[in-house]
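Notes follow the structure.
These numbers come from the heavy atoms of this one structure, side chains and all, not from hydrogens, waters or symmetry mates. Each chain gets a letter, A, B and so on, in the order the sequences are listed, and its residues count up from 1.
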Amino acid sequence: MNEKLSARNFKQKLFFSIFAFALLVALGALALIIYFIFSKGIGVVNWEFISQMPRNGMSEGGIFPALLGSFYLVVGAISIAAPLGVFAAIYLTEYAKKGRGVRLIRIGINNLAGVPSVVFGLFGLAVFVKYLGFGVSIISGAITLAIVILPTIIRASEEALMAVPDEYRRASFALGATRWQTVKKVVLPAAMPGILTGCILGVGRVAGETAPIIFTAATFFSMRLPGSIFDEVMALPYHIYALVTAGTNPYKQVPLAYGTAVVLLALVLLINLVAIVLRIRYDKMMKR
Amino acid sequence: MIDWKTKEKIVKKVLYIFALSSIIFLTGIVIVLFNEGLPIFKEIGIFDFIFGKEWYPTYDPPSFGILPLLLASVVVTLGAMIISIPIGVSSAIFISYILPKRFKIIVKPLIELLAGVPSVIYGLFGMKILGPFLRESFGLPTGLTALTASIMLGIMALPTIVSLAEDAITSVPKSFRDASLALGGTKWETISRIIVPTATSGIVTAIILGIGRAIGETMTVLMVAGGAAMIPKSILKPVRPMTASIAAEMGEAPVGSAHYHALFGIAIILFVITLFFNILADIASERFKKKVVGK
C-alpha cells in the first residue's frame with residue numbers, strides 16, 4: 001500500500017461516483033418507461049374504458065372482456081399452481097432426506113424456471129389445445145400459465161417453510177403429534193404469510209405473461225364474454241400486443257393500447273407492491 | 001380408521017408425487033418438443049437446419065435455415081448484456097455497500113417491484129417511443145432494429161441482474177469486510193479487493209440467469225426487433241430472433257406441416273441453449289455457496 005492516503009481516497013470517490021451514476025441510469029431508464037406509458041395512456045382510462053365492451057372493430061369502447069379474461073386466467077392458473085407448488089415445497093422441506101433425489105428435483109425446478117415463455121406456449125399448444133382437445137380456451141391457457149409460475153411458487157413456499165424455527169416442530173413432536181399433524185397445524189400456519197406472498201407474486205406474473213397464451217387462450221376480438229372454460233378469451237397483455245400489431249386503425253387503436261397498458265401496469269405494480277409490503281412485515285415478525 | 005403410521009406413509013407418498021411435478025412437466029416439455037421438432041431434423045438434416053442461411057418457410061420450395069434467426073438472438077442478447085451487465089453490477093455494488101441504509105430499504109424493494117413490469121409494456125415502449133426516436137436520430141428507414149431490441153432487453157434485464165447480484169454481494173460474511181477495514185483498507189479497497197472477488201461466482205450466476213432470460217424473452221423482441229429474417233449485417237437493421245419467429249409464425253403454420261415442425265425445431269435449439277445457461281448458473285451458484293459458507 002504505497003499510495004498516499006489522499007490518492008486512495010480520491011480513487012474511492014471516483015469509483016463511488018461512477019457506481020452512483022450507474023444506479024441513477026438504471027432507475028432513471030425504468031422510471032422513464034413507466035412515466036411515458038402513464039402520460040400517454042392515463043387520458044384514455046376512465047370508468048367506461050374499464051367497464052364497457054369494445055366497439056367499432058376495436059377502435060372505440062372499453063376493455064372489459066380483456067380485464068375479465070385476464071381475471072379468469074389468473075384465477076385458473078393460481079388455483080392449479082398454488083396447491084401443486086405448496087405440497088411440493090412441503091415434501092422438499094419437511095419430508096425429503098437430503099440426497100440425490102432431492103437434488104434432482106431441485107435441478108428440475110431451476111430448469112423449469114429458465115424455460116423461455118414461448119416454449120411453454122408451444123407445449124400448451126401441442127398438449128392441451130391439440131392432444132387433449134381443449135382447443136384455444138381458458139383451461140388450456142390457465143394450465144400453461146400454472147406451469148410457468150410453478151417454480152416461483154415452490155421456491156417462495158420452500159423459503160417460507162424453512163424460515164419456521166425448528167423449535168416449533170420439536171415442540172409439536174414432543175406433544176406426540178405425527179409429522180403430518182405438525183405440518184398441518186404448526187408449520188403451515190406459521191409459514192402462511194410467506195407462502196401467500198409467493199402466490200401473490202405469481203398472480204402478478206401471470207397477469208402480465210403474453211407469450212404462453214398467444215396460441216393457447218387468447219383471441220384479439222370476441223363479441224361476447226366467455227361462457228365456459230372451453231371458450232377463448234381476450235386478455236390484457238395480448239390486447240396491447242394485438243392493438244399495436246394487428247390493428248387496422250392505428251390512429252384510434254394506439255391510444256387504446258396505451259390505456260390498456262396503464263391498466264395492466266397499475267394492476268401488476270399494485271399486486272407486487274402488496275406482496276413486497278407483506279414480505280417485509282413478515283420478515284420483521286420472524287426476526288422478533 | 002386407518003392407524004396413524006399408514007396415514008403418514010400415504011401422505012408422504014402423495015406429497016412425493018406433487019414434488020415430482022416440476023420434473024414431470026420438464027420431461028413433458030422435452031418429449032413434446034422432440035416429438036414435434038425431430039421430423040424437420042430428419043427431413044433436412046440438423047446441420048443444414050442450424051447453419052442454413054435462408055429462412056423462407058412459406059416459399060415454394062421452402063427453405064428452413066435458422067442461422068439468421070440464431071444470429072439475431074445472439075446479437076440482440078449480446079447488445080443487451082453490454083448495456084445491462086456494467087450498469088447492473090455497478091448498481092448492485094452501490095446498493096449493497098455504499099448506499100446509506102435508509103435509502104437501501106427503499107431502493108431494494110423498488111427494484112424488485114420493477115422486475116414485475118410485464119414484457120409487453122417494454123415492447124410497447126420500444127415500438128412506439130424508442131423506435132421512432134432512434135429512426136429520427138439515425139435517419140433510418142425503420143426504428144425497429146437490433147439496437148432497439150438490445151436497448152429494451154438491456155433495460156428489462158436490469159432489475160433481475162441488480163437484485164440477484166446485490167443478494168450475492170450482501171451475503172459475503174461481514175467478518176471479511178471487518179478484517180479488511182481493520183487492516184486499514186479504505187472502503188473502496190475493501191469492496192474491490194475483498195468483497196467483489198469473493199462474490200464473483202454469485203455475480204456470475206446473476207449475469208448468466210440474465211443472459212438466459214434475454215435469449216428466451218419473446219414479446220419485447222417480437223414487437224421491437226423489426227422482424228426481418230436476414231443475417232444481421234448492422235445493428236441498425238431489423239432482425240428476427242428465434243423467439244419472435246416462433247411467436248409470429250406459429251399462428252399461420254398448419255399443424256403437422258414442415259413449417260410447424262421447423263418452429264418446434266427452433267424451440268429445441270432455444271431450449272438447449274437456455275438449459276445450458278441454467279446448468280452453468282447452477283454450477284456457479286454451488287461454487288458461491290461453498291465459498292461463502294467456507295466448506
Side-chain angles (χ1 to χ4, degrees), chain A residues 8-9 11-12 15-16 18-20 22-23 25-26 29-30 33 36-37 84 87-88 90-92 95 105 108-112 114-119 122-123 126-127 130 147 150-151 154 178-180 204 208 210-211 214-215 237 240-241 244-245 254 257 261 264-265 268-269 272-273 276, chain B residues 4 7-8 11-12 15-16 18-23 25-26 28-29 32 36 87-88 90-91 93-95 98 109 112-114 116-125 127-129 155 158 162 186-189 212 216 218-219 223 243 246-247 250-251 255 264 267 270-271 274-275 278 282:
Chain A
R8 290 162 64 195
N9 278 335
K11 227 185 206 171
Q12 166 156 326
F15 278 104
F16 282 14
I18 294 173
F19 291 160
L23 181 62
V25 169
L30 293 160
I33 292 174
F36 261 107
I37 299 285
L84 209 56
F87 285 128
I90 290 175
Y91 180 81
L92 287 172
Y95 284 85
I105 293 175
I109 296 168
N110 283 345
N111 282 305
L112 193 65
V115 171
S117 54
V118 71
V119 173
L122 287 188
F123 176 71
V127 176
K130 302 287 179 209
I147 304 173
L150 185 62
I154 295 180
T178 64
R179 190 165 278 275
W180 178 237
T210 321
I214 296 181
F215 332 113
I240 299 171
Y241 166 69
V244 293
T245 54
V254 171
L264 177 65
L265 195 55
V268 170
L269 289 180
N272 283 8
L273 189 68
I276 290 169
Chain B
W4 68 271
K7 196 177 165 192
E8 279 293 303
V11 167
K12 193 175 172 180
L15 288 175
Y16 180 63
F18 278 102
L20 287 180
S21 58
S22 296
I23 293 193
F25 287 130
L26 196 65
I29 289 173
V32 166
E36 305 282 347
I87 298 180
S90 309
S91 302
I93 295 173
F94 190 81
I95 295 174
I98 307 168
E112 277 171 59
L113 191 65
L114 293 170
V117 173
S119 56
V120 70
I121 301 281
Y122 290 96
L124 180 64
F125 179 88
M127 195 174 176
K128 292 293 169 196
I129 294 164
I155 297 174
L158 276 175
V162 173
T186 63
K187 231 175 162 187
W188 164 243
E189 284 156 0
T218 311
M219 292 319 289
M223 293 166 81
T243 49
I246 299 174
M250 202 38 145
V255 175
F264 274 91
L270 199 59
F271 181 81
T274 47
L275 194 71
N278 278 322
D282 213 44

Distance-minimising heavy-atom pair for V244(A) and M223(B): CG2-CE, 3.6 Å
Interface moiety of F15(A) toward chain B, non-hydrogen atoms closer than 4.5 Å: side chain
For L20(B), side chain to side chain contact (heavy atoms under 4.5 Å, CB included) partners two or more places apart: I105(A), Y16(B), I24(B)
Shortest non-hydrogen contact between K187(B) and Q12(A), atoms and distance: N-OE1, 3.2 Å
Residue selection (most heavy-atom pairs with chain B, distance under 4.5 Å) from N272(A), I33(A), V119(A): I33(A)
Side chain / backbone / both / neither for I155(B) at chain A, heavy atoms under 4.5 Å: both
Atom group of V255(B) that falls short of 4.5 Å from chain A, counting heavy atoms: side chain
Nearest atoms (heavy-atom pairs only) where V120(B) meets P237(A): CG2-O, 3.6 Å
Among V117(B), L113(B), I23(B), V32(B), residue most engaged with chain A (heavy-atom pairs, under 4.5 Å): L113(B)
With L158(B) via side chain to side chain contact (heavy atoms under 4.5 Å, CB included) - residues at least two apart: A26(A), S84(B), I87(B)
Top contributor to chain B interface from I37(A), L92(A), V25(A) [non-hydrogen pairs under 4.5 Å]: I37(A)
Non-hydrogen atoms of I109(A) and S22(B) that approach each other most closely: CG1-OG, 3.5 Å
Chain A contacts, top residue of D282(B), I121(B), L275(B), I95(B) (heavy-atom pairs, under 4.5 Å): I121(B)
Chain B contact via V118(A) - which portion, at a heavy-atom distance below 4.5 Å: both
Plane angle bin for W188(B) and F16(A) - parallel if under 30°, tilted between 30 and 60°, otherwise perpendicular: perpendicular
Taking every non-hydrogen atom, the tightest pair across M219(B) and A211(A): SD-N, 3.9 Å
Considering all heavy atoms, the nearest L15(B)-F87(A) contact: CD2-CD2, 3.5 Å
Top contributor to chain B contacts, counting heavy-atom pairs under 4.5 Å, from T178(A), V268(A), I90(A), L264(A): T178(A)
Pick from L124(B), I93(B), T243(B) with the largest number of heavy-atom pairs that fall under 4.5 Å of chain A: L124(B)
Largest heavy-atom contact set with chain B, pairs under 4.5 Å, which of V254(A), I154(A), T245(A): V254(A)
Max heavy-atom pair count under 4.5 Å with chain A, selected residue of P109(B), S119(B), A247(B): A247(B)
side-chain contact (heavy atoms from CB on, under 4.5 Å) between N278(B) and N111(A), worked out: CA-CA 6 Å; N278(B) 278 322; N111(A) 282 305; 3.0 Å; yes
Heavy-atom pair count under 4.5 Å with chain B, highest-scoring of I240(A), L150(A), L122(A): L122(A)
F36(A) CZ to F125(B) CZ distance, which is reported to the nearest 0.5 Å: 6.0 Å
Which atoms of T274(B) approach chain A - backbone, side chain, both or neither, heavy atom under 4.5 Å: side chain
Between CD on residue E36(B) and CZ on residue F123(A), distance to nearest 0.5 Å: 11.5 Å
Min side-chain heavy-atom separation W4(B)-R179(A) under 4.5 Å: no
Which portion of I276(A) sits near chain B, non-hydrogen atoms under 4.5 angstrom: side chain
Top contributor to chain B interface from G108(A), G204(A), P151(A) [non-hydrogen pairs under 4.5 Å]: G108(A)
Engaged part of I29(B) at the chain A interface, taking heavy atoms whose separation is under 4.5 Å: both
